[in-house]
Amino acid sequence: MTATTPTPPPATDAAPSAPAADAATLHTPVNAWFAAHARDLPWRRPEAGPWGVMVSEFMLQQTPVSRVLPVYEQWLKRWPRPADLAAEPPGEAVRAWGRLGYPRRALRLHAAATAITERHGGEVPDDHAALLALPGVGEYTAAAVASFAYGRRHAVLDTNVRRVLARVVTGVQYPPNATTAAERRLAQRLLPDDEATAARWAAATMELGALVCTARTPDCGRCPVAARCAWRLAGFPAHDGPPRRGQTYAGTDRQVRGMLLAVLREATGPVTQEQMDAVWDEPVQRARALDGLVADGLVEPVAQGVYRLPLE
DNA sequence: CAGCCGTGGGA
DNA sequence: TTCCCAAGGCT
């Protein structure tokens with residue numbers, strides 16, 4: 001991992017035994033920084049409501065903000081409430097998902113909207129357990145919706161927060177590949193006692209990781225807690241552990257699935273086998289990819305050699 | 001728990 | 001150009 005050495009602010013003289021970063025010294029500067037520098041994102045505006053927050057969280061799972069923005073706007077305009085989405089076939093959600101990637105998320109969001117409509121009176125639940133029970137909602141998303149939409153006090157551990165805590169508190173460049181119990185304990189320990197402050201802290205630490213304490217080239221000169229950052233104080237030691245997994249894409253089933261589904265999305269009606277076959281010349285892999293899409297519920301066979309996006 | 005599931009843009 | 005990686009979840 002070639003880690004571009006961050007640009008540290010001129011190392012202040014400060015005592016050799018620099019103050020360790022702890023909860024009390026982090027909340028105020030980080031939350032103040034957020035108040036001054038937070039992006040004006042549509043799902044952060046009051047009119048977004050819990051449903052808007054939930055939609056954004058689904059879309060933002062592994063997809064950058066810039067690509068989510070236009071799709072989010074269209075989505076909320078078309079389906080302003082969960083019941084509006086639930087009233088349409090899941091295939092419409094897949095089509096509207098466009099090229100955000102991981103289209104199973106569209107299916108899960110549709111399923112979540114259906115569950116919300118049927119089990120929660122059409123209102124996005126406000127408690128963590130009920131959220132966690134929804135399709136496509138895991139630990140992170142449940143905490144994020146409860147915190148961002150309802151101001152609840154939850155440790156929100158996403159990739160940004162994990163990286164910030166790894167650096168500022170633990171003193172390492174990157175967090176482990178998988179979230180550990182130690183990270184959860186740390187996040188819990190750092191959580192402000194006050195509910196509103198905790199909710200702000202969750203959003204602030206995420207934003208800090210997204211804008212300043214980035215994966216490749218952190219900009220310590222703009223960091224509100226650089227003076228107490230354990231990683232910086234340690235001299236930016238490079239990541240040791242195993243290399244962080246890099247995923248190849250070209251030539252994989254995922255690529256073929258993507259190409260097949262693109263044909264369905266862009267077609268207005270059912271598509272023939274011949275149209276599907278045109279996207280990939282290797283028949284075994286092509287068949288495997290299509291079978292996978294059908295198994296996942298992303299594609300529905302309507303007749304021998306005819307397919308469409310799912311109506312059910 | 002490791003592997004799988006899309007896509008595009010920036011360095 | 002290649003490589004990295006971006007607000008995860010599910011099996």
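Within every chain, numbering begins at 1; the chains are lettered A, B, ... in the order of the sequence lines, protein sequences first and strands thereafter.
dG9(C) atom P lies 20 Å from atom NE2 of His110(A), rounded to whole Å. We find that CZ of Arg105(A) is positioned 10 Å from C1' of dC5(B), with the value rounded to whole Å. Going from atom CZ of Arg99(A) over to atom P of dA6(C) covers 21 Å, rounded to whole Å. Look at OH on Tyr72(A): it is 13 Å from C1' on dA7(C), rounded to the nearest Å. The nearest whole Å value for the distance from the CZ atom in Arg257(A) to the C1' atom in dG3(B) is 13 Å. The nearest whole Å value for the distance from the CZ atom in Arg104(A) to the P atom in dG3(B) is 16 Å. For the pair Asp253(A) CG and dT7(B) C1', the interatomic distance rounds to 16 Å; values are reported in whole Å. What separates CG of Leu100(A) from C1' of dG6(B) is a distance of 10 Å, to the nearest Å.
Between Val65(A) and Leu134(A), the residue anchored closer to the 5' end of DNA chain C is Val65(A), taking for each the nucleotide with the nearest heavy atom. Along DNA chain B, the nucleotide nearest Leu261(A) and the nucleotide nearest Ala178(A) are compared for position; the residue whose nucleotide lies closer to the 5' end is Ala178(A).
Arg67(A) contributes a side-chain N or O that forms a donor-acceptor pair with the base of dT7(B) under 3.5 Å. Evaluation of atom-type donor-acceptor distances gives no pair under 3.5 Å for the side chain of Thr63(A) against the base of dG8(B).
Nucleotides dC5(B) and dC5(C) are separated by 16 Å at their C1' atoms, to the nearest Å. When the P atom is compared between dA7(C) and dA2(B), the two are found 22 Å apart, to the nearest whole Å. Comparing the C1' positions of dT1(C) and dG8(B) gives an interatomic distance of 15 Å, to the nearest angstrom.
Using modelled atom types, one side-chain atom of Glu300(A) and one backbone atom of Leu311(A) make a donor-acceptor pair closer than 3.5 Å.
Proximity of the aromatic rings of Trp79(A) and Trp51(A) is defined here by a centroid distance below 6.0 angstrom, and this criterion is not met.
Looking at heavy-atom distances under 4.0 Å, Gly138(A) makes contact with sugar-phosphate atoms alone, never a base. Residue contacts shown for Thr252(A) are absent, as no nucleic acid heavy atom lies under 4.0 Å away. Contact annotation for Ala144(A): no contact, since no heavy-atom pair falls under 4.0 Å across all strands. Contacts of Arg44(A) with the nucleic acid, taken as non-hydrogen atoms under 4.0 Å apart, include base atoms.
For Tyr72(A), the ring-ring contact (aromatic ring centres under 6.0 Å, His included) partners are Trp43(A), not counting sequence neighbours.
Screening Leu293(A), Val302(A), Leu290(A) for a side-chain contact (heavy atoms from CB on, under 4.5 Å) with Tyr307(A), the sole residue that qualifies is Leu290(A).
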Give the C-alpha distance, both sets of side-chain angles, the deciding distance and a yes or no for side-chain hydrogen bond (donor to acceptor under 3.5 Å, both in side chains) between Gln285(A) and Trp280(A). CA-CA 8 Å; Gln285(A) 186 180 29; Trp280(A) 196 255; 2.8 Å; yes

